[in-house]
Amino acid sequence: MSRTSIRSAGNALGLGPELWDSHFMRACRGEASERVPVWLMRQAGRYMAEYRAVRADRDFLGMCEPKIAAEVTITAQQRIDADAAIIFADILLILKGFGLDLTFAAGEGPRLSPPIRSAADLDRLAAPGEAAERCAYVAEACRLTRDGLDPHIPLIGFCGAPFTVAAYAIEGQGSRQWATVRKFMYEQPAVFHRLQEMLVAALGPYLRRQIEAGAQAVQIFDSWVGMLTEADYREFVLPHLQALVSQIPDGAPVICFGTNTAHLTSAIAASGCDVLGVDHTTDLAATWDALGGPDHISIQGNLDPAALLAGEERLLAMSEQVLAAAGNRPGYIFNLGHGVFKETDVERVIALIKHVHARGG
Ligand code: CP3
């Protein structure tokens with residue numbers, strides 16, 4: 001399957017002018033806009049009182065039910081005046097679709113059981129089409145969100161990348177070193193590839209449904225892929241990411257993001273993504289130049305999320321450094337280098353977004 005880059009696909013999704021000409025969509029296509037679009041990874045989360053109030057009555061999976069997810073998504077976008085909304089969901093929901101038990105214990109992060117450790121474990125998983133089907137509630141959340149969202153504000157759908165989702169499935173939880181994953185990758189490469197193939201076969205339809213239901217763009221989170229060398233990335237990861245990107249319909253921009261990926265940016269760009277999300281340890285200006293600039297790819301990032309814990313003066317100075325690195329080039333989307341910390345004061349977030357908007361494009 002081949003996919004046409006967003007720069008030449010035209011309005012294949014048939015968007016109305018409000019969305020087609022929005023600052024965010026223009027930036028995804030590398031076109032100039034009157035202002036720099038800004039949204040923040042994890043803009044709907046525990047730092048926001050409105051989120052905590054809804055969360056108080058239900059567990060995390062209850063937050064992902066369509067009506068609640070739509071409410072949380074829209075509230076967060078409005079509260080901070082972001083130029084895009086991202087659907088409230090999680091990269092691990094697809095593993096629940098495959099039949100793994102998924103829990104988010106308070107203060108512990110996600111747990112998946114039983115973890116995948118062998119070829120026989122793959123045989124116990126649901127078929128990929130079935131896994132996608134069991135996650136249809138995320139597309140329904142997109143539909144309700146699109147109905148309630150400001151018509152000028154694009155909705156971003158998302159999923160985890162095959163590598164990062166496989167890493168959680170194998171490890172059974174988050175990890176600092178991901179040693180179990182890398183041992184598995186080297187000792188059972190065929191099973192590792194097969195697991196990612198199964199994930200791609202589910203994540204493709206999962207993202208396509210989000211787009212059909214009202215998402216205008218998608219982000220693929222490969223949060224922990226930065227642990228790999230470039231050679232291992234190209235051997236074990238890139239073919240699967242390319243396979244996933246190729247399944248996204250023409251006209252829907254694809255953003256690929258990972259942390260600690262400064263050494264991988266040209267390899268990630270080879271996925272065919274339209275926008276590269278860079279974290280705060282990556283040199284935004286040098287990376288963009290090396291990739292050929294806005295004619296070739298758009299860039300999203302990369303303010304250190306810790307800047308939002310600093311005083312306003314330092315926060316705005318740090319955001320100026322990021323804007324200077326982007327240098328008024330078209331095709332730039334302001335964001336953090338990773339998700340908003342839960343310790344963040346929402347007023348700082350609002351001040352940041354006002355500042356980026358006042359700067360103009
Ligand atoms: O606003 C948004 O960006 C959309 C919502 C969103 C969530 N998770 C909600 C969530 C998104 C985009 C994600 C993606 C996600 N989930 C990633 C990739 C992005 C990244 O941060 O690198 C990863 C690695 C996960 C896996 C995950 N989900 C972890 C590690 C945790 C625990 C984190 C924590 O702070 O406890 C989650 C749970 C989760 N997903 C929360 C939220 C708001 C916190 C849940 C809660 O207790 O209310």
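Start at 1 and go down the list; that is how both ligands and their atoms are numbered.
With D121 contributing its side chain and I116 its backbone, the two residues share no donor-acceptor pair below 3.5 Å. A donor-acceptor pair under 3.5 Å links the side-chain atoms of D83 to the main chain of V38, judged by distance alone. The closest donor-acceptor contact from the side chain of R3 to the backbone of S246 lies at 3.5 Å or more, if one exists at all. At distances below 3.5 Å, at least one donor-acceptor pair connects side-chain atoms of Q196 with backbone N or O atoms of F236.
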Next item on the list: Let me see the working for S271 and Q242 under side-chain hydrogen bond (donor to acceptor under 3.5 Å, both in side chains), right down to the final yes or no.
Entry: CA-CA 5 Å; S271 68; Q242 284 170 331; over 6 Å; no
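The distance from ligand 1 to the heavy atoms of I87 drops below 4.0 Å at these ligand atoms: 4 (C). Those atoms of ligand 1 that come under 4.0 Å of a heavy atom in I86, given as number and element, are 1 (O), 2 (C), 3 (O), 4 (C). Within the listing of ligand 1, atoms 3 (O) sit less than 4.0 angstrom from a heavy atom of M41. Within the listing of ligand 1, atoms 1 (O), 43 (C) sit less than 4.0 angstrom from a heavy atom of A44.
Heavy atoms from other residues, nucleotides or ligands lying under 6.0 Å from CZ of R52 number more than 12. Counting non-hydrogen atoms of neighbouring residues, nucleotides and ligands closer than 6.0 angstrom, the CD atom of E313 reaches no more than 12 such neighbours.
Atom 32 (C) of ligand 1 has its closest protein heavy atom at P110 CD, 3.8 Å. In terms of protein heavy-atom proximity, atom 47 (O) of ligand 1 is nearest to R55 NH2, 2.9 Å. Summary of contacts: the protein heavy atom closest to atom 34 (C) of ligand 1 is R46 NH2, 2.8 Å. The nearest heavy-atom contact from the protein to atom 24 (C) of ligand 1 is Y168 OH, 3.3 Å. In terms of protein heavy atoms, atom 38 (C) of ligand 1 is closest to F104 CE2, 3.4 Å. The protein heavy-atom contact nearest to atom 40 (N) of ligand 1 is D90 OD1, 2.7 Å. The nearest protein atom to atom 13 (C) of ligand 1, hydrogens excluded, is given as R42 NE, 3.6 Å; this is a heavy-atom distance. For atom 18 (C) of ligand 1, the closest non-hydrogen atom on the protein side is S223 OG, 3.1 Å.
The heavy atom nearest to atom 17 (C) of ligand 1, out of those in V72, I91, L102, is found in I91. For atom 11 (C) of ligand 1, the nearest non-hydrogen atom from the set W224, F221, F158 comes from F158.
Figure legend: cation-pi geometry between R26 and W20 absent, as NZ or CZ is not positioned both under 6.0 Å from the six-membered ring centre and within 45° of its axis.
Ligand 1 has no atom lying under 4.0 Å from any heavy atom of F257. Using a 4.0 Å cutoff on heavy atoms, A89 counts as a contact of ligand 1. Using 4.0 Å as the threshold, T73 has no heavy atom nearer than that to any atom of ligand 1. Under the 4.0 angstrom criterion for non-hydrogen atoms, H338 is in contact with ligand 1.
Salt-bridge check for R134 with E130: passed, with a basic side-chain N closer than 4.0 Å to an acidic carboxylate O. Using a cutoff of 4.0 Å between basic side-chain nitrogens and carboxylate oxygens, D90 and K96 are not scored as salt-bridged. At a threshold of 4.0 Å, the pair R234-E230 counts as salt-bridged, since one of the basic side-chain nitrogens sits closer than that to a carboxylate oxygen.
Under the 30°/60° scheme for interplanar angles, the aromatic rings of H193 and H240 are found to be tilted.
Heavy atoms of T164 found under 4.0 angstrom from ligand 1: none, in either backbone or side chain.
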